[in-house]
Amino acid sequence: MIEIKNLHAAVDGMPILKGLDLTIASGEVHAIMGPNGAGKSTLSYVLSGREGYQVTDGTVAFKGQNLLELEPEQRAAAGLFLAFQYPVEIPGVTNMTFLKHALNSVRIQRGAAELDAMEFLKLVRAKTKELGMSDDMLKRAVNIGFSGGEKKRNEILQMAVLEPTFAVLDETDSGLDIDALKIVAEGVNALRCRERSMLVITHYQRLLDYIVPDHVHVLAAGRIVTSGDKELALHLEEEGYAAFAERAAA
Amino acid sequence: MAATAESVAQVEEIRKYKHGWETDIEMETAPKGLSEDTIRFISAKKEEPDWMLGWRLKAYRHWLTMEEPTWAMVDYPTIDFQDIYYYAAPKTTEGPKSLDEVDPELLRTYEKLGIPLKEQEVLAGVQGAPKVAVDAVFDSVSVATTFKKELESHGVIFCPISEALKEHPELVRKYLGTVVPYTDNFYATLNSAVFSDGSFVYIPPGVRCPMELSTYFRMNAKESGQFERTLVIADEGSYVSYLEGCTAPMRDENQLHAAVVELITMDDAEIKYSTVQNWYPGDENGKGGIYNFVTKRGACRGDNSKIRWTQVETGSAITWKYPSCILQGDNSVGDFYSVAIANNAQQADTGTKMIHLGKGTRSRIISKGISAGKAQNTYRGLVRMGPKALNGRNFTQCDSLLIGDRCGAHTIPYIESKNRTAKVEHEATTSRISEDQMFYCRQRGIGEEDAVALIVNGFCKEVLQELPMEFAVEAQKLVGISLEGSVG
Ligand SMILES: Nc1ncnc2c1ncn2[C@@H]1O[C@H](COP(=O)(O)OP(=O)(O)OP(=O)(O)O)[C@@H](O)[C@H]1O
Ligand SMILES: [Mg+2]
């Protein structure tokens, strides 16, 4: 699905990612953990093509395509989705309008027919129901006045509507209460399938009890320093990053 | 090679302004330039009563003593008023009695604009189709008014003002110039002297106008000016919603547009006046765009009467426009909802005046200004509470949105209060489309220009939702089109 090799990236000329390698096969779920400021969100922005994040070295192949030469909207159409750590507010634009624009833009780029208002409404109602969200949220402006948890859930709703093939979830669990965490995890799990891969960024082992990853990686100082299975997350939680990094360095 | 590049550029240009074609039709014009003879010519052409000619001449003589105002934040070369045609009419369409008599070439013009006059009538039989009566003004004359019969059955008068001068001279004489006197300002005075046509509306007491009334203005002739005059009167307890749309072909020469609109509401009456202005804005450097100097004013004469201006201003090289309300009647209400978009080299200086005279009068101003390219967008608003405006209330919300860093937004509120019980509130914000918002949209698959259109439409929502449905959709699209090329 995605193959990241020796990725170096800088923000404002300051190097953040320093030779990151990561390969995710079709159908796999990988988790990335790591201390604050390690470069986790930076990785998600570099993958999705955010302006101001310069790739200085390395390659990213996405389904055999050079991902780095695509515009952000083309990457979305190619199947890449990013659930933001800090979802953005758009005043005056309802969630419904936003979702419809997004879905139809993606469909047009993929050569599919646009959905009309009725078809779209049907689809989105089904998705909100699955995620235990109220339709009220569709009528509100994008993320305006949403609680932290509602914002995260809204990201998952967008993911469910856009049906990406590769989703990066950046700390989607932060700010969720236990019940919401379960619902979000169920939503994510429902989307798991052989054709879809995920990269889950989190600080908490707890999320991985619900979304069980195939691989866990530790990102520190701009590189993947260790990889392992689910057990790795448990060790991390017990030891903390500092001790872990020390031991890893030794 | 060069030729190809040029035609690509031309196609590009045409794509940007989709109404930039002209209609090939024989025109009859008054001799170029302005003089008493020109005015006599226009008046004679329209077979006007003597008092009308007298009024025009008074206006003209007054105009000769006036100077062009320079206080607005707009910059343009001096206009040579002798280098303009003040009357241009399609030859074949003098006094159409019905649509069948209208030149088919003209009907096609309106179809291209998305205003099929014929269909409007045909559709009337179809259930659920919204009814809109249309008066179409082509350069200096009105070419067709639809739904006349049905409106007449309700006692509603909706016709070209030239026709009203013949059929209902007493009504026109009673109200014309009572809200915007011929001495009012440079452009309004010019309009009073040379106005060629426009729409006249009278809603009798207690009548709720059964459909939206609409006028479409199209400027076609070269080097012509369009000086239309609109007069809408809502008698006691009546209601009308009126829409105005405008387009013009692309020209290298700037064309002058100086309209006057007067609204009058009697006791308990209400007028909603909506405008979607899409005159040709000129090329990237403003060359060839329309100069739009308009005086629009409503008088809430009666108690509990109400006037609401809603405008979406996207076109013109220069917009100079301040739809205003004079709140004379006790407890009368004036609203002004405005979206003004200026892109490239466009300059907009627009806003409103709310003059509170009666007791308990209320006004609300919601202004959304969007600037992109190297455009300048100014909101200029006056709220005046007169000595008798006991418990008068005004609320003003002025929001500016900037796209890019070469454009400007200016907010100039004037507040005068002569009554201690009156309250005036003013809120203003300036913001930019953030990089966060753009990236968020693009990550979801929405391209840059669509993202701008989406975000700007959200910003304007409060105003756009005040437009009648048919217009709101059109206006939303227009917002996107007028901002094309503003990013990237
Ligand atoms: N726009 C920016 N300008 C300057 N520095 C930046 C910018 N964006 C990120 N950085 C820096 O890059 C480093 C990595 O940031 P990033 O957001 O990727 O960390 P993270 O691993 O996601 O951390 P967290 O766990 O706190 O979310 C940090 O030191 C941060 O301050
Ligand atoms: Mg982060």
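In what follows, chains carry the letters A, B, and so on, assigned in the order in which the sequence lines appear, proteins first and then strands, with residues in each chain numbered from 1. What you are looking at is a predicted structure, and each value in this text was computed from that prediction instead of being measured.
The nearest pair of heavy atoms linking A/Ser48 to B/Phe439 is OG-CZ, 3.3 Å. Taking both residues in full, the closest heavy atoms of B/Gly445 and A/Ser105 are given as O-CB, 3.2 Å, listed atom of the first, atom of the second, then distance.
Residue contact with chain B, scored on non-hydrogen atoms closer than 4.5 Å, involves the backbone of A/Glu89 exclusively. Both the backbone and the side chain of A/Arg50 come within contact range of chain B, each with at least one heavy atom under 4.5 Å from a heavy atom of that chain. Contact annotation for B/Cys460: neither backbone nor side-chain heavy atoms come within less than 4.5 Å of a heavy atom of chain A. The contact between B/Tyr440 and chain A is made by backbone and side chain atoms together, counting heavy-atom distances below 4.5 Å. Interface residue A/Glu51: backbone and side-chain heavy atoms are both found under 4.5 Å from chain B. Within the 4.5 angstrom heavy-atom criterion, only side-chain atoms of A/Leu162, from C-beta onward, approach chain B.
The neighbour count for A/Lys63 NZ, taken as heavy atoms of other residues, nucleotides or ligands under 6.0 Å away, is above 12. Dense packing is recorded around CG of A/Asp116, with more than 12 heavy atoms of other residues, nucleotides or ligands lying under 6.0 Å away. Annotation for B/Arg364: atom CZ does not count as buried by contact number, only 12 or fewer foreign heavy atoms lying within 6.0 Å. Around atom CZ of B/Arg380, more than 12 heavy atoms belonging to other residues, nucleotides or ligands sit under 6.0 Å away.
A 4.5 Å side-chain heavy-atom check between B/Ile446 and A/Phe98 finds at least one atom pair inside the cut-off. The shortest side-chain heavy-atom distance between B/Gln437 and A/Pro91 falls under the 4.5 Å cut-off.
Of the residues considered (A/Pro87, A/Gly92, A/Ala78), A/Gly92 shows the highest number of contacts with chain B, using heavy-atom pairs under 4.5 Å. When A/Arg107, A/Gln158, A/Arg75 are compared by the number of non-hydrogen pairs under 4.5 Å with chain B, A/Gln158 comes out ahead.
Between the OG1 atom in A/Thr97 and the CD atom in B/Gln476 there is a gap of 8.0 Å [rounded to 0.5 Å]. Here A/Asn104 contributes atom CG and B/Asp450 contributes atom CG; the two are 10.5 Å apart, rounded to the nearest 0.5 Å.
Checked by atom type and distance alone, the side chain of B/Gln443 pairs as donor or acceptor with a backbone atom of A/Leu80 at under 3.5 Å. The backbone N or O of A/Leu82 lies less than 3.5 Å from a partner atom in the side chain of B/Arg444, making a donor-acceptor pair.
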B/Ile455 vs A/Ile90, side-chain contact (heavy atoms from CB on, under 4.5 Å): CA-CA, chis, key distance, verdict: CA-CA 7 Å; B/Ile455 295 167; A/Ile90 309 180; 4.1 Å; yes
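Between the side chains of A/Tyr86 and B/Asp436, not a single donor N or O lies within less than 3.5 Å of an accepting N or O.
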